[in-house]
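See structure below.
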Amino acid sequence: MVVNPTVEYEPEQVEAFDFRMAMEEASRCLLCEDAPCKYGCPSGTAPDQFIRSIRFKNVNGAAEIIRENNILGASCALICPHEKLCEAACSRCGIDSPIQIGKLQQFATEYERKMDKTYLSQTDTYSGKSVACIGAGPASLACAAELSKQGVDVTIFDEHSQPGGMLRYEIPPYRLPETVVDHDISQLEKLGVKFELNHKVTSEELEQMKEKYDGVFVGVGTWEAKTLNIPGSNLDGIFPAIDFLSKARENKESYSSLGNVVIIGGGDVAMDSAATCKLLGADSIYDVFVESLEHAPATQKEKMYDFQMGIPLISEFMPVAFIGDEKVERVRFEHVTNGSTMELEADTVILAVGQTTRDEAEAWKQAAGIFTGGDMVNGGDTVVQAVAEGKEAAAKMMNTFNE
Ligand code: SF4
């Protein structure tokens with residue numbers, strides 16, 4: 001991998017509402033009876049309620065409503081595909097344009113962070129139960145928060161040096177600044193959740209945990225990158241997107257130049273990789289995927305961001321060979337319908353063709369006596385979906401404790 005160490009990799013300032021803009025946008029809300037927007041959120045956030053608070057200048061109250069429901073409310077404000085969820089369900093869609101719910105949520109949670117407000121605290125009613133959560137990504141964090149609020153003693157175990165999972169190691173800082181992730185994590189610490197980091201749980205240890213704790217939740221995500229089984233796949237210069245993004249975020253290693261980059265994949269991870277290459281000063285960047293532009297799985301916002309950066313997105317071409325001696329020099333593609341071919345020069349190739357659970361954890365999906373959720377179960381969905389699954393697992397666990 002080649003990353004230019006002389007180029008600063010700083011997060012962009014995330015465009016946000018100021019007080020006046022937030023009030024104007026909140027005043028557009030119809031404060032609907034049985035508001036449809038709340039049915040659009042997998043994790044059960046009620047935008048109508050927090051928008052009502054903003055409208056009455058109670059920004060604290062708005063942040064409290066968001067935080068009480070979603071421990072990752074600040075991160076979700078920035079990375080949720082609102083246009084496909086709550087905003088798609090908004091009554092104003094049929095009138096002019098939906099309320100910008102995501103930006104109002106960002107406004108409230110930013111206020112909370114800047115004012116250092118805290119609404120959550122450790123309960124003084126201990127349930128007598130203890131739970132181990134394996135993985136410190138969104139599903140585990142949400143599960144841990146819900147349990148902790150109900151007096152459960154929760155410890156989160158994770159192999160990384162910092163909690164957050166894909167929030168910290170996969171989503172680039174121009175979309176989700178580290179300060180926002182840290183702020184969300186600090187809410188768990190206020191709830192009394194303990195973290196055991198740099199701790200990779202094995203199958204043997206998992207069995208021991210089932211004895212030691214009253215409950216075990218596993219949400220270890222999908223950290224194993226899928227590869228392409230085509231000629232030249234073993235050439236140097238070809239990297240999984242997840243490795244590239246986490247190394248680029250840490251920016252600890254010295255590399256020369258990215259040179260000409262070809263990214264393969266049409267999802268958010270591919271778009272993130274392309275934008276990150278641009279920020280790191282790559283000579284040229286092409287993102288190529290098999291779907292049509294319309295059906296590529298990345299959100300419209302991500303596609304637009306890459307377009308605005310001048311990154312060409314090439315649709316409906318499938319990679320058929322990597323060409324080079326020891327190191328990749330070109331990638332050959334074939335059109336998915338008419339069979340025409342093209343070759344692109346490449347000093348670096350980034351594969352964003354999906355991820356899966358690491359081998360050992362794959363078996364845990366079917367293991368008895370544990371609860372699971374998040375990407376390792378759903379195969380890779382939104383952060384807010386992982387939050388919903390973590391909350392659901394916590395509710396099921398509490399039911400078993402109360403039986
Ligand atoms: S559906 Fe739209 S207009 Fe109605 S309460 Fe929700 S955000 Fe407001």
Side-chain angles (χ1 to χ4, degrees), residues 14-115 117 119-120 138 142 145-146 167 171 175-176 180 183-184 187 268 294 298-305 381-392 395:
V14 179
E15 187 197 347
F17 278 161
D18 59 21
F19 190 81
R20 181 186 58 80
M21 292 157 83
M23 290 305 147
E24 278 179 12
E25 188 63 8
S27 71
R28 291 178 60 233
C29 176
L30 304 170
L31 303 178
C32 307
E33 185 73 24
D34 195 22
C37 53
K38 70 180 175 217
Y39 298 110
C41 178
S43 79
T45 295
D48 54 317
Q49 289 177 21
F50 79 73
I51 293 172
R52 183 186 294 269
S53 290
I54 293 173
R55 197 155 148 163
F56 290 100
K57 300 187 175 62
N58 179 10
V59 187
N60 275 333
E64 191 173 355
I65 290 166
I66 295 162
R67 186 64 71 187
E68 184 59 39
N69 176 68
N70 181 354
I71 197 70
L72 303 179
S75 296
C76 284
L78 297 182
I79 56 172
C80 258
H82 299 97
E83 75 280 5
K84 292 182 184 170
L85 301 171
C86 52
E87 292 177 9
C90 175
S91 304
R92 280 210 81 116
C93 287
I95 301 170
D96 42 21
S97 60
I99 303 297
Q100 295 179 67
I101 297 169
K103 292 188 82 170
L104 288 171
Q105 183 166 333
Q106 180 189 354
F107 170 71
T109 52
E110 274 292 285
Y111 179 88
E112 176 203 46
R113 184 171 67 82
K114 286 179 182 155
M115 296 290 151
K117 295 277 178 192
Y119 313 105
L120 303 172
E146 291 308 301
L167 297 175
I171 300 174
R175 279 216 290 144
L176 180 57
V180 176
H183 178 62
D184 278 349
Q187 306 301 309
D268 281 342
E294 187 192 353
T299 61
Q300 188 61 15
K301 201 161 125 189
E302 284 286 287
K303 290 174 196 167
M304 284 310 296
Y305 190 76
D381 206 315
T382 55
V383 168
V384 73
Q385 179 60 33
V387 169
E389 292 175 19
K391 286 174 68 179
E392 197 181 316

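Every number for a ligand or one of its atoms is a count from 1 in the order of the listing. Quick caveat, the model's predicted, so the values are computed rather than measured.
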remark   = Among non-hydrogen protein atoms, atom 3 (S) of ligand 1 lies closest to L30 N, 3.4 Å
ask   = What protein heavy atom is closest to atom 6 (Fe) of ligand 1, reported as residue, atom name and distance in Å?
value = C37 SG, 2.4 Å
task = Please could you name the atoms of ligand 1 that S91 approaches to less than 4.0 Å, counting only its heavy atoms?
result = 1 (S), 2 (Fe), 4 (Fe)
note = for atom 8 (Fe) of ligand 1, nearest protein heavy atom and its distance come out as C29 SG, 2.4 Å
task = Determine, for R52 against D48, whether the closest basic-nitrogen to carboxylate-oxygen distance falls under 4.0 angstrom.
result = no
request  = Give a yes or no on whether a salt bridge exists between E110 and K114, defined as a side-chain N under 4.0 angstrom from a carboxylate O.
outcome  = yes
ask   = Does some side-chain heavy atom of K38 sit less than 4.5 Å from a side-chain heavy atom of T45?
value = no
query = With a cut-off of 2.8 Å, does C90 place any N/O/S atom under that distance from atom 2 (Fe) of ligand 1?
reply = yes
message = Distance under 4.0 Å to a non-hydrogen atom of A35: what atoms of ligand 1 satisfy this?
response = 5 (S)
query = Are a donor atom and an acceptor atom from the side chains of K391 and N69 found within less than 3.5 Å of each other?
reply = yes
query = Less than 4.0 Å between a side-chain N and a carboxylate O, is that true for D268 and K303?
reply = no
ask   = Under 4.0 angstrom from ligand 1, any heavy atom of P47?
value = no
message = Suppose I only count heavy atoms of D48 and a 4.0 Å limit; which atoms of ligand 1 are within that range?
response = 5 (S)
ask   = Which atoms from ligand 1 have a heavy atom of P36 less than 4.0 Å away?
value = 1 (S)
request  = For the residue pair V180 and H183, establish whether any side-chain heavy-atom pair is separated by less than 4.5 Å.
outcome  = no
message = Salt bridge check, E25 against K103: does any charged N sit closer than 4.0 Å to a carboxylate O?
response = no
request  = Would you check if atom 4 (Fe) of ligand 1 lies under 2.8 Å from any N, O or S atom of C32?
outcome  = yes
